[in-house]
Protein chains: 2
Amino acid sequence: MQNPESPKYQQQRLAAIRAAATVFAHKGYHGASTGDIAEAMGIKQGSLYYYFKSKEEALAEVCLYGISDYVQRMEEIAASRQPFEARLLATVTSHLSSYREKNEALKVHNDERLYLPELKRRKLKKMGSRYRELLEGIFEDAVRDGAIRPNLDCHFAAQSVIGICNAWGDLIVRDAELDVFEVIRKCTDLLLNGLVDHDHDRAG
Amino acid sequence: MQNPESPKYQQQRLAAIRAAATVFAHKGYHGASTGDIAEAMGIKQGSLYYYFKSKEEALAEVCLYGISDYVQRMEEIAASRQPFEARLLATVTSHLSSYREKNEALKVHNDERLYLPELKRRKLKKMGSRYRELLEGIFEDAVRDGAIRPNLDCHFAAQSVIGICNAWGDLIVRDAELDVFEVIRKCTDLLLNGLVDHDHDRAG
DNA sequence: CGCGTATTCTATAGGTGTATAGAAAAATTA
DNA sequence: TAATTTTTCTATACACCTATAGAATACGCG
């Protein structure tokens, strides 16, 4: 390849990243071999190094692929001037849809990124922090607007939303039968209203 | 050792399980070597095989150690005739305290048990299912008693509670500064009441 | 102390996995 | 078709890791 970084090369490299994502998601970074990834692409082990200079670079690419547009979408949600409930729904939808669409790359980012060396982890960490801060900002707006409880710990709430989405994301990745939109609806409802029957106090 | 399965042997074996739990939690099962575990115990790599017949057996023991009394405690919570909110609080407390007390073994169970062979996984799976069923039962009771919303999907709710506890458990394992009891309180509150300011509707 | 047992050590066989080099094949261009 | 470039293959060096065997040390007890 060398000069043009041809479209075909880029396309094949993307296929390699996707294959690596699937393999890493199922076997873990250390549990997966470069041969496994190559096999998933239909090439031989040695040929993989035409696309990655090391196994670690493959992991880094998968993680970056997993989190990048996911943060971008949160930028858009945070910037939008929708009411709180719509933004929360959009957040959960974005997060869980990522799991379904991105071929497990986000799962790999969450589970395996800590095996990357400090330097490569920094960029990812910055993106993750950015994501959390944007989500916190949404909660802070909502507290100001009176949409949610005034005593809410926004940092805690943001972590919890991310945590619950990741947990359900794992289940979605593992169980293809799950209806993603039903999960999205129930997650959002649970986060907003909790388990207690508040309506009952008023209407019942 | 051979005959007596002496107390000293059992004690050292427990130390080995704990060491393995710490190492597996930090490096992952495949990323950790038997040498790493041995080093954490202050013995040499080969000596580890005095306590485990294989690395895989070490993982199995750690997973079992991680989940066993955790299920037992849930049996007690489920059998207790406390009101729903107290049982939920007890559930979250039990779960998150496990993370702090059990030296990462529960985390290893959650993250690495799928690397065990089918046979060994079955026992663990049964325990995990038992846990989830007990928790679902608590929700079903609460629905009957009117303590929580009548339309609640109890299976979904149980999975969500487990998921959010695991997410916070991870953070607790990684960040020793976190106040576990504050996390417990906020988790329970969020699960019960959600984010919305329901009191505001009533009390003005 | 001296004996038997329990525990740890050293050394190593054998397997697996990463990364590289150079040849071969496929694709592209002239 | 011939020449050039891109892509894949084969083969292998090298490192690491698991598990075992047998020697060495520490321990408990008469």
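All heavy atoms count here, side chains included; hydrogens, waters and symmetry mates do not. Per chain, numbering begins at 1; letters A, B, ... match sequence-line order.
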Would you indicate whether the side-chain heavy atoms of Leu195(A) and Leu88(B) approach each other to under 4.5 Å?
-> yes
Which nucleotide in the set [options] lies at the smallest distance from any side-chain heavy atom of [X]?
X: Tyr51(B); options: dT7(C), dT7(D), dC9(D); answer: dT7(C)
X: Gln45(B); options: dA19(C), dT6(D), dA19(D); answer: dA19(D)
X: Lys55(B); options: dT20(C), dT8(D), dT18(D); answer: dT18(D)
X: Lys44(A); options: dT8(D), dT10(D), dT20(D); answer: dT10(D)
X: Ser33(B); options: dT8(D), dC9(C), dC17(D); answer: dC17(D)
X: Ile43(A); options: dC9(D), dT20(D), dT8(C); answer: dC9(D)

So does [X] get a side-chain nitrogen or oxygen closer than 4.0 Å to the phosphate oxygens (OP1/OP2) of [N]?
X: Tyr49(B); N: dA19(D); value: yes
X: Ser47(A); N: dT7(D); value: no
X: Thr34(B); N: dC17(D); value: no
X: Tyr50(A); N: dT7(D); value: yes

Taking Asp36(B) for its side chain and Ser33(B) for its backbone only, find out whether a donor-acceptor pair lies under 3.5 Å.
-> yes
Remember a base hit wins even if backbone is also touched, and classify Ala32(B) as base, sugar-phosphate or nothing at under 4.0 Å, heavy atoms.
-> sugar-phosphate
In whole angstrom, what separates His30(A)'s NE2 from dC16(D)'s P?
-> 14 Å
Rounded distance in Å - CD (Gln12(A)) to C1' (dA27(C)) | 13 Å
Could you pull out the closest heavy-atom pair between Phe24(A) and Lys55(A), with the gap in Å?
-> CE2-CE, 4.2 Å
With DNA chain C as reference, determine whether Gly31(A) or Lys8(B) sits nearer its 5' end, using the nearest nucleotide of each.
-> Lys8(B)
Kindly check if the number of other-residue, nucleotide or ligand heavy atoms within 6.0 Å of CD (Glu57(B)) is above 12?
-> yes
In terms of heavy-atom contacts, does NZ of Lys120(B) have more than 12 from other residues, nucleotides or ligands at under 6.0 Å?
-> yes
